[in-house]
Amino acid sequence: MRFTPLPKLSLLFSTKIPRLQEPFYVQSPLVYISSNTSSAIWEPSGTSSFSLPSHSTFVQLLKKRPSLTQIKQIHAQVVTHGLAQNTSLLGPLIHSYIGCRNLSFARIVFDQFPSLPPTIIWNLMIQAYSKTPSSQESLYLFHQMLAHGRPTSADKYTFTFVFTACSRHPTLRGYGENVHGMVVKDGYESDIFVGNSLVNMYSIFSRMVDAKRVFDEMPQRDVITWTSVVKGYAMRGELVRARELFDMMPGRNDVSWAVMVAGYVGHRFYNEALQCFNDMLCHDEVKPNEAVLVSILSACAHLGALDQGKWIHVYIDKNRILLSSNISTALIDMYAKCGRIDCARRVFDGLHKRDLLTWTSMISGLSMHGLGAECLWTFSEMLAEGFKPDDITLLGVLNGCSHSGLVEEGLSIFHDMIPLWGIVPKLEHYGCLIDLLGRAGRLESAFEAIKSMPMEPDVVAWRALLSACRIHGDVDLGERIINHIAELCPGSHGGGYVLLSNLYASMGQWESVTKVRKAMSQRGSEGCPGCSWIEIDGVVHEFLAADKLHPRISEINKKLNEVLRRISIEGGYVPSTKQVLFDLNEEDKEQAVSWHSEKLAVAFGLLSTQEGTIRITKNLRTCEDCHSAMKTISLVFNREIVVRDRSRFHTFRYGNCSCTDYW
DNA sequence: TCGTGGGCTA
């Protein structure tokens, strides 16, 4: 192989990295780097008239943070000048490739090392892999390294990287422990970096006894040590313990606070997360970072805490925090989940740069508000801008179709998934499909869809079908389905029995309802208790069904009685008892539905505010009786009520609901 | 010229 002369070589050595012209790297630089390298090295390049650059010139060049293309060119030069065996050059070359996250090229250089690479080079490669999803490769290299023995023995750097690699790969648990043994033997355990990576690894694997032992035995600890161990307890849900340590921690920084807040959010302690965030704001020395803001916006979204969420938005604006993709996605999601799809849209429309994340959160937001047409429209806009949907985008679109009864559109998108987007439908997509068909009353097609699934249907899929049976009153199919749910969820039955009992109740088959309830209590599988939240003046109030815990409960009960009286007299509301679970007499049944948590919440909302929208968040699907009560309340009291239930939003206005009674 | 802790939004 012969290389064309390299005329503009001097350009390469100017202080600025020049933009190199195309012909400079003859064909593809890969040619020089791949298997031909060894022959290239021996190819006489002496035909060119200029003097050869020494290896230090290349080193200087690599220090100037060249781009990937430039590194490849330098690499090509190195090879053509016969310097590919100069080990002092290969290190910087590997380092540069790693800096550009091009591990395959770094690996090629590494594998062609003429002698045994020194420890630092091994370390570079091990560390590089530890940051990737294939962090097992770090372990593989580590083993190779050990096999060679001295003089390339592992040092404290190596161990740090190996523990990091282990912590990022769930299958490497056992390895981490074995390597820990070596560390103790070699006396590296007292190094703070090694210790920290160990504490972190055990914490991530939820092995707090080991994490705490390393923590306690460390000769010195810093913020990172403390933060790692706090994270470990928080991730297990031991938030009290985590908080104790957090409060003791010296020199807490933004990352420590992020870990604490995320710990609360991860275990659904959203109010505690908000409280923790407020604590953070009282500490002037530390400012919330992106991770904290994303977590806290997620807490607001889950709670439906609009005022708090708005406050965060203002905080972001005032402090000129960059609306990154993550932050804007979290904002859009927060507004959508707090019932303000208009605000979500405004954030979205105001973005300078949109990416798949922001588009997807907008689309999913529209879908949960039952704005199917707009959802599809936004989706096509996204495609027009050249974005390729991922599985979650498509999930949002499908969801939008099923919530709006756009059956044909939904079916067509589902069938296009593989041919058009190359995305194989997952369980969740099938769940959507079944929901889509089932709600529309095409129960047999939905049943066929479940049977056609390439994977085992999960509880969600069966439950969607069962729920459709309830809407359309198909007892026969419902009974056939319940066994599948019982098989999948032997403990709780995934709420299947509640649905079945509701199905019987809606058909007036009270004997069957009693049977199911008995079966449920025998197996100790009670339904999940209903719970609603409402935010008044920035405080989130929580209500359970027939709540007795709220400090103003007697006042609220009085108000609720008044509300129910007024809507039956003025709005013609008749309590619907179809979905009451118990076989009670009519009067008791009325009483039982009266105290559903969303009714308590709406009574409290009417009691506490004179005007404006009442926003309620609920953990379950809203029942038929509450739905019709809300409609009448919106008419009689002339108030807009927005209820977020487990799967979507209902906006009640002038006696109607945005779901057009299709939910 | 290698080090350790962060998020969960679809």
Side chain of [X] - closest among [options]:
X      : options              : answer
A:K337 : B:dC2, B:dA10, B:dG5 : B:dA10
A:L357 : B:dC8, B:dA10, B:dC2 : B:dA10
A:I392 : B:dG5, B:dG7, B:dA10 : B:dA10
A:H95  : B:dC2, B:dA10, B:dC8 : B:dC2
A:V194 : B:dG3, B:dC2, B:dA10 : B:dG3

Look at [X] and [N] and indicate whether a side-chain polar atom (N or O) is within less than 4.0 Å of OP1 or OP2.
X      : N      : result
A:S298 : B:dT9  : yes
A:T360 : B:dT9  : no
A:K231 : B:dG7  : yes
A:K156 : B:dC2  : no
A:R354 : B:dA10 : no

Looking at every strand, decide which applies to [X] at a 4.0 Å heavy-atom threshold: base, sugar-phosphate, or nothing.
X      : answer
A:V223 : base
A:A262 : sugar-phosphate
A:V294 : base
A:S364 : sugar-phosphate
A:F161 : base
A:R168 : sugar-phosphate
A:S256 : base

Integer-rounded Å distance: [N] [atom2] and [X] [atom1]:
X      : N      : atom1 : atom2 : answer
A:Y97  : B:dC2  : OH    : P     : 20 Å
A:R221 : B:dG5  : CZ    : C1'   : 16 Å
A:Q127 : B:dT4  : CD    : P     : 6 Å
A:I204 : B:dT4  : CD1   : P     : 13 Å
A:L198 : B:dG5  : CG    : P     : 12 Å
A:F110 : B:dC2  : CZ    : P     : 18 Å
A:N326 : B:dG7  : CG    : C1'   : 7 Å
A:F387 : B:dA10 : CZ    : P     : 19 Å

Indicate, yes or no, whether a donor-acceptor pair under 3.5 Å links the base of [N] to the side chain of [X].
X      : N     : value
A:S228 : B:dG5 : no
A:N196 : B:dG3 : no
A:N123 : B:dG3 : no

* To do: For A:S67 and A:Q70, indicate whether the former's side chain and the latter's backbone hold a donor-acceptor pair under 3.5 Å.
  =>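 A pair under 3.5 Å: yes.
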
* Between the main-chain N or O of A:M201 and the side-chain N or O of A:S167, is there a donor-acceptor pair closer than 3.5 Å? ->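 Pair absent, no side-chain N/O of A:S167 close to backbone of A:M201.
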
* Asked: Is there side-chain contact between A:F348 and A:W359, with heavy atoms separated by less than 4.5 Å?
  -> yes

* Looking at side-chain heavy atoms only, is the closest gap between A:M382 and A:M362 below 4.5 Å? ->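 No, too far: nothing below the 4.5 Å cut-off.
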
* Using the rule for Phe, Tyr, His and the six-membered ring of Trp, do A:Y157 and B:dC2 stack at under 5.5 Å and under 30°? -> yes

* For A:N196, which of A:D222, A:T164, A:D191, A:T227 qualifies under side chain to side chain donor-acceptor pair (under 3.5 Å)? ->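 Among A:D222, A:T164, A:D191, A:T227, the one meeting side chain to side chain donor-acceptor pair (under 3.5 Å) with A:N196 is A:D222.
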
Using residues 302-309 of chain A as the side-chain source, report each donor-acceptor pair under 3.5 Å to any protein atom, sequence neighbours left out, with the distance given to one decimal.
from	atom 1	to	atom 2	distance (Å)
A:H302	ND1	A:Y270	OH	3.3
A:Q308	NE2	A:G538	O	3.3

* To do: Quick one: list whatever passes salt bridge (charged side-chain N to carboxylate O under 4.0 Å, His left out) with A:R221, sequence neighbours left out.
  => none

